[in-house]
Number of protein chains: 2
Amino acid sequence: MGIPKSFVRNAEIYGEGEPTEHLYRVVNGTVRTCKLLSDGRRQVASFHLPGEIFGVELRDERSFSAEAISDAVVLVFKRSAMIELAQRDGDAARDLWILTAHQLQQAQDHLLLLAKSAQERVAAFLLEMAMRMPDGNAIDLPMSRRDVADYLGLTIETVSRTLTQLENDAAIELPTSRRVVLRNRASLGCLSA
Amino acid sequence: MGIPKSFVRNAEIYGEGEPTEHLYRVVNGTVRTCKLLSDGRRQVASFHLPGEIFGVELRDERSFSAEAISDAVVLVFKRSAMIELAQRDGDAARDLWILTAHQLQQAQDHLLLLAKSAQERVAAFLLEMAMRMPDGNAIDLPMSRRDVADYLGLTIETVSRTLTQLENDAAIELPTSRRVVLRNRASLGCLSA
DNA sequence: CGTGCAGTTGAGCAAATTCAACGCTTGTGG
DNA sequence: CCACAAGCGTTGAATTTGCTCAACTGCACG
């Protein structure tokens, strides 16, 4: 169960306002969910790495869009089938609830992140990504500076400046612009206070 | 079912880190959930008006605390009983899921709010409160400027200045500091763009 | 080679914060 | 009953932070 589907980089998986017909599991690549603001800016709500589920929503209309950050493969599930299953099967209902509650927690963490200074946001972001990535200390960011900036509510310039500053402070290394090596986790944790 | 309990203004209903044993329904008064940040600042995650449910959480440990903003009465429910009920009864499970998904939506809206300018945040906040209050155009804010500021991620000074500016622009009236009358909803909506 | 895109860096600017003072209301004690 | 302190809200001036605009680099791709 779950039909595989492929998307090229920057392809839209679903758009804001479309009917909520499916949910998805990332097999390969990375997905972002985001929303265009009226002033043309964009807010990225979440990133989804392989293994993670996205697209669960209460309303029948998408309030965010989902796009492939890199070429990606996802499994597609029928939303109505899930809801029916949850109605009959207590365990399935529990899974669905846990999933939603988990996303709620992530949203709340994201909320706290947006309350902080630029340095704290970037440091917290790096720690979050490191937590979710296989190798604990080296991160290969799948997303562009623009994606990072829109997730953190900053400009790409501020993200870039902050990263170089963290490198100067010997907290991280930047072998390439997409690769980050955490040199001093403790000081990052401190900066993301 | 549901045991009534009273709290005086500023009393703690539950604290960060405590075991998640109950959920609550507001009968009377207003409740805030919030978190203390390491730098001493505080982030208010949500306000809960009469009729609304709060305290639903995935983890066994509270990640936020809940406090009475005004003298308040709440109904207390056993969390374990709710989870058991949801396991057996598909409808109850659905209600629990809808509740959680609803809070997720609110968190996402809050997230978007924090991406905006001070004026947009205050305008959006007023519209949100007006939506949730009985009388559509006159709002009696139950919370202090500090609460509003910590909810919007601003300082009390900025909130205060922004309100007086909205009053000067004829978008609102401020008969008293806690009472706001929406004079021009359209322009508020525009400002909260 | 040139073109275009992603990322970095710099200078000036705008927005919100910090710090400080002040007014108003409320509650307390002389 | 008045004096005074405390809490809340507002206002002003100076400062800081992050943004805007612009130039520049490195790299991939035709």
Side-chain angles (χ1 to χ4, degrees), chain A residues 8-10 32 37 39-44 69-71 113-126 139-169 172-180 191 193, chain B residues 8-10 32 37 39-43 69-71 113-126 139-169 172-180 191-193:
Chain A
V8 299
R9 206 164 84 90
N10 287 325
R32 67 172 171 252
L37 306 179
D39 59 0
R41 276 161 46 247
R42 194 186 60 158
Q43 179 65 42
V44 171
I69 282 182
S70 49
D71 291 351
L113 195 148
L114 293 181
K116 305 182 189 186
S117 73
Q119 200 178 47
E120 290 170 333
R121 291 187 214 189
V122 172
F125 171 71
L126 292 177
I139 317 170
D140 274 301
L141 295 176
M143 72 288 281
S144 70
R145 290 286 186 274
R146 168 127 307 284
D147 288 325
V148 175
D150 290 347
Y151 179 72
L152 299 179
L154 300 170
T155 59
I156 51 176
E157 292 95 330
T158 300
V159 172
S160 182
R161 276 186 251 273
T162 306
L163 283 172
T164 53
Q165 194 196 323
L166 288 177
E167 191 177 28
N168 291 339
D169 297 351
I172 62 170
E173 275 178 74
L174 288 166
T176 74
S177 67
R178 292 291 185 102
R179 188 174 179 78
V180 185
L191 291 173
Chain B
V8 299
R9 205 166 85 91
N10 286 326
R32 66 172 171 253
L37 307 179
D39 59 0
R41 276 166 41 251
R42 193 185 61 157
Q43 178 64 43
I69 281 182
S70 50
D71 291 350
L113 195 148
L114 293 181
K116 305 182 190 184
S117 73
Q119 199 178 48
E120 289 169 334
R121 292 187 215 190
V122 172
F125 170 73
L126 292 177
I139 316 171
D140 274 301
L141 294 176
M143 71 289 281
S144 69
R145 290 287 187 272
R146 168 128 307 286
D147 288 324
V148 176
D150 290 347
Y151 180 72
L152 299 180
L154 299 169
T155 59
I156 51 176
E157 292 95 331
T158 300
V159 172
S160 182
R161 275 185 250 274
T162 306
L163 283 172
T164 51
Q165 193 197 322
L166 288 176
E167 191 177 27
N168 291 339
D169 297 353
I172 62 171
E173 273 178 76
L174 287 167
T176 74
S177 67
R178 294 291 185 102
R179 188 173 179 78
V180 184
L191 291 174
S192 77

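Note on naming: letters A, B, ... go to the chains in the order of the sequence lines (proteins, then strands), and numbering restarts at 1 for each one.
- Atom P of nucleotide C:dA15 and atom CD of B:Q119 are separated by 10 Å, given to the nearest angstrom.
- Following rounding to the nearest Å, B:R9 (CZ) and D:dG7 (P) show an atom-to-atom distance of 11 Å.
- Proximity note for A:E157 (side chain, C-beta onward) versus D:dG9, D:dG18, C:dG10: the nearest is C:dG10.
- Residue B:T155 places at least one side-chain N or O closer than 4.0 Å to OP1 or OP2 of C:dT17.
- Under a 3.5 Å cut-off, the side chain of B:E173 and the backbone N or O of B:V180 do not form any donor-acceptor pair.
- No side-chain donor-acceptor contact under 3.5 Å links B:R121 to the backbone of B:L154.
- Annotation: of the two residues near DNA chain C, A:S177 and A:R161, the 5′-most nearest-nucleotide partner is A:S177.
- When the P atom of C:dT17 is taken as reference, atom NZ of A:K116 falls 17 Å away, rounded to whole Å.
- Rounded to a whole Å, the CG atom of B:L174 is 10 Å from the P atom of D:dT11.
- A straight line from CD1 of A:I69 to P of C:dA6 spans 13 Å, rounded to a whole angstrom.
- Distance from the side chain of A:T158 is smallest to D:dC19 among C:dA16, D:dC19, D:dT11.
- Regarding contacts with the backbone of C:dT9, every side-chain N or O of A:S160 stays at 4.0 angstrom or more from both OP1 and OP2.
- Rounded to an integer number of Å, the gap from A:L154 CG to C:dA16 P is 15 Å.
- With rounding to whole Å, A:R146 atom CZ is found 17 Å from C:dG4 atom C1'.
- Atom CG in B:D147 sits 7.5 Å away from atom CG in B:N10 (nearest 0.5 Å).
- Under 4.0 Å is where a charged nitrogen must lie from a carboxylate oxygen, and between B:D71 and B:R9 no such pair does.
- Residue B:I156 contributes atom CD1, which lies 8 Å from atom P of D:dG9 at whole-angstrom precision.
- The shortest non-hydrogen separation linking B:L114 to B:Y151 is CD2-O, 4.0 Å.
- Within 4.0 Å (heavy atoms only), B:R178 reaches sugar-phosphate atoms of the nucleic acid but no base atom.
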